[in-house]
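Residue indices begin at 1 and follow the sequence shown. Being a predicted model, the structure only gives us computed values, none of them experimental.
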Amino acid sequence: MQGQSAHPDPGTGRAGGARRHPVRLHRAAQPGGGRVSGRPGPGVAVDGRPGIDEPAGWGTIATAAGEFRLRLVRLPADLGLLTRWMNDPEVAAFWELAGPSAVTERHLRHQLDGDGRSLPCLGLLDDTPMSYWEVYRADLDPLAAHYPARPHDAGLHLLLGPAASRGRGLGTALLTALTDRVLRERPHCERVVAEPDVRNRRSVRAFRRAGFRLAAELDLPDKRAALMVRDRTPHPA
């Protein structure tokens, strides 16, 4: 499973290359209505800060696979592990962060040193690190220029690190559990969104099975993306 940088450096792609093309939307039906603007949506946190609450405060989540929790990435302690994951060919094909540890560190520090609107997290299952997540304010992210964002939309990026964790339904189980927790902990958030590469069928399938719907296909600067949306209130069929 995969994602992309929640806050890519201006003018560059995930791997540092130039932006390739303007954004185009596919499909007429878009979630939320309204027009697509060139700036992020108007949402702000209840307390005036743009950030996501620290996920470590969300506690442990019981799943069929075990006890799951998130904690904020710690540098330099977690850098070696995350660099190895980013250099796995299956991961690198979509994250585009393969290379020396400095590549991964730059990606992480861009968020850790930011204003808290995107948090890079390590996912632990029964206290064993096995996944990397980015939990972010989608309405304040560059993504919001590409779809009709609503205030307080949350976004998720995910990769399963060990190859043994992939292809057995674990991603679906964790996505379901974490999305439930995001909606519980953020009462002003009505939707959780994601934008996996349309070529990553395994990722799109996992989001669907976790209750997300395909709302549109987006031509983003770095990929053709499937805009996946899970609504707090079930969307009419």
Side-chain angles (χ1 to χ4, degrees), residues 1-7 45-47 49-86 88 91 95 97 104-105 107-114 116-138 141 152-189 191-194 196 202-203 206-207 209-212 228 230 232:
M1 302 184 68
Q2 58 81 44
Q4 74 173 70
S5 171
H7 295 280
V46 175
D47 60 3
R49 296 180 298 108
I52 294 284
D53 293 337
E54 170 62 69
W58 297 351
T60 300
I61 306 171
T63 76
E67 298 291 312
F68 179 71
R69 64 183 176 91
L70 292 185
R71 69 160 173 81
L72 200 64
V73 165
R74 300 167 184 163
L75 293 179
D78 298 327
L79 185 57
L81 176 65
L82 291 171
T83 299
R84 289 196 297 274
W85 290 352
M86 292 300 180
D88 181 313
V91 173
W95 281 77
L97 290 172
T104 300
E105 182 175 11
H107 178 82
L108 296 170
R109 288 201 181 279
H110 187 67
Q111 297 170 80
L112 291 170
D113 296 341
R117 69 183 64 189
S118 176
L119 298 180
C121 299
L122 204 62
L124 294 89
L125 190 62
D126 292 331
D127 289 325
T128 299
M130 48 67 65
S131 54
Y132 170 72
W133 300 73
E134 291 171 354
V135 185
Y136 65 100
R137 281 286 299 270
D141 186 81
H152 303 287
D153 277 356
L156 292 177
H157 297 141
L158 160 66
L159 72 84
L160 298 179
S165 297
R166 305 172 202 151
R168 56 188 183 92
L170 187 55
T172 295
L174 298 184
L175 279 169
T176 301
L178 185 60
T179 303
D180 287 345
R181 185 58 56 96
V182 168
L183 292 171
R184 191 187 85 176
E185 296 291 331
R186 304 192 67 236
H188 288 77
C189 172
R191 304 185 303 181
V192 178
V193 306
R202 179 182 291 177
S203 183
F207 277 102
R209 291 175 176 172
F212 287 72
M228 309 300 296
R230 180 169 157 190
R232 178 183 295 276

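- The two residues Asp88 and Arg166 make their nearest non-hydrogen contact at OD2-NH2, 3.1 Å.
- Partners of Asp126 under the salt bridge (charged side-chain N to carboxylate O under 4.0 Å, His left out) rule, at least two apart in sequence or in another chain, do not exist in this structure.
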Item checked: Chi angles and distances behind the side chain to side chain contact (heavy atoms under 4.5 Å, CB included) call for Val135, Leu156 -> CA-CA 5 Å; Val135 185; Leu156 292 177; 3.9 Å; yes
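- Rounded to the nearest 0.5 Å, atoms CG (Leu79) and CZ (Arg84) are 10.0 Å apart.
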**Asked** Checking side chain to side chain donor-acceptor pair (under 3.5 Å) for the pair Ser118/Gln111: CA distance, chi angles, key distance, verdict?
**Response** CA-CA 6 Å; Ser118 176; Gln111 297 170 80; 2.6 Å; yes
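- Legend: residues meeting side-chain contact (heavy atoms from CB on, under 4.5 Å) with Thr63, ordered by chain and number and at least two apart, are Ile61, Ala65, Phe68, Leu125, Leu174, Ala177.
- Ring orientation note: the planes of His188 and His152 are tilted relative to one another, at an angle of 30° to 60°.
- What you find for Pro129 and Leu81 is that their closest heavy atoms are CB-CD2, 3.8 Å.
- Under the side-chain hydrogen bond (donor to acceptor under 3.5 Å, both in side chains) criterion, Glu105 pairs with Arg109, sequence neighbours left out.
- Atom CG of residue Leu82 and atom CH2 of residue Trp95 lie 9.5 Å apart, to the nearest 0.5 angstrom.
- Listed here is the closest heavy atom pair of Ser131 and Trp85: N-CH2, 3.4 Å.
- Across Leu70 and Gly123, no two heavy atoms sit closer than the pair CD2-CA, 3.8 Å.
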From CA spacing to verdict: side chain to side chain contact (heavy atoms under 4.5 Å, CB included), Leu112, Leu72 = CA-CA 9 Å; Leu112 291 170; Leu72 200 64; 4.0 Å; yes
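- No donor-acceptor pair under 3.5 Å is formed between the side chain of Arg117 and the backbone N or O of Ala138.
- Each of Trp133, Tyr132, Tyr136 was scored for a ring pair (Phe, Tyr, Trp, His ring centres under 6.0 Å) with His157, with one residue passing: Tyr136.
- Residues Met228 and Leu175 form no side-chain contact, since every pair of their non-hydrogen atoms from C-beta on lies 4.5 Å or further apart.
- Take Thr104 and apply the side-chain hydrogen bond (donor to acceptor under 3.5 Å, both in side chains) test, not counting sequence neighbours, and it matches no residue.
- Taking the side-chain hydrogen bond (donor to acceptor under 3.5 Å, both in side chains) definition, one finds that Arg209 meets it with nothing, sequence neighbours left out.
- A search for ring-ring contact (aromatic ring centres under 6.0 Å, His included) contacts involving Trp58 returns nothing, not counting sequence neighbours.
- Residue pairs meeting the salt bridge (charged side-chain N to carboxylate O under 4.0 Å, His left out) criterion with at least one member in residues 59-69, sequence neighbours excluded, are Arg69-Asp127.
- From Arg232, atom CZ reaches atom CG of Asp180 across 10.0 Å, with rounding to the nearest 0.5 Å.
- Scanning for side-chain hydrogen bond (donor to acceptor under 3.5 Å, both in side chains) contacts around Asp113 gives an empty result, with sequence neighbours left out.
- For the salt bridge (charged side-chain N to carboxylate O under 4.0 Å, His left out) test, no residue two or more places apart in sequence or in another chain qualifies with Arg74.
- Residue His107 holds its NE2 atom at 11.5 Å from OG1 of Thr83, rounded to the nearest 0.5 Å.
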Go through the steps for Arg71 and Asp78 under the test side chain to side chain contact (heavy atoms under 4.5 Å, CB included), then give the verdict. CA-CA 11 Å; Arg71 69 160 173 81; Asp78 298 327; 2.9 Å; yes
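- Contact between Pro120 and Leu108 at its shortest, heavy atoms only, is CB-CD2, 3.9 Å.
- A distance of 14.0 Å separates OG1 in Thr179 from CZ in Arg191, rounded to the nearest 0.5 Å.
- Note that CE of Met130 and CG of Leu122 are 9.5 Å apart. Values are rounded to the nearest 0.5 Å.
- Take Arg168 and apply the salt bridge (charged side-chain N to carboxylate O under 4.0 Å, His left out) test, not counting sequence neighbours, and it matches no residue.
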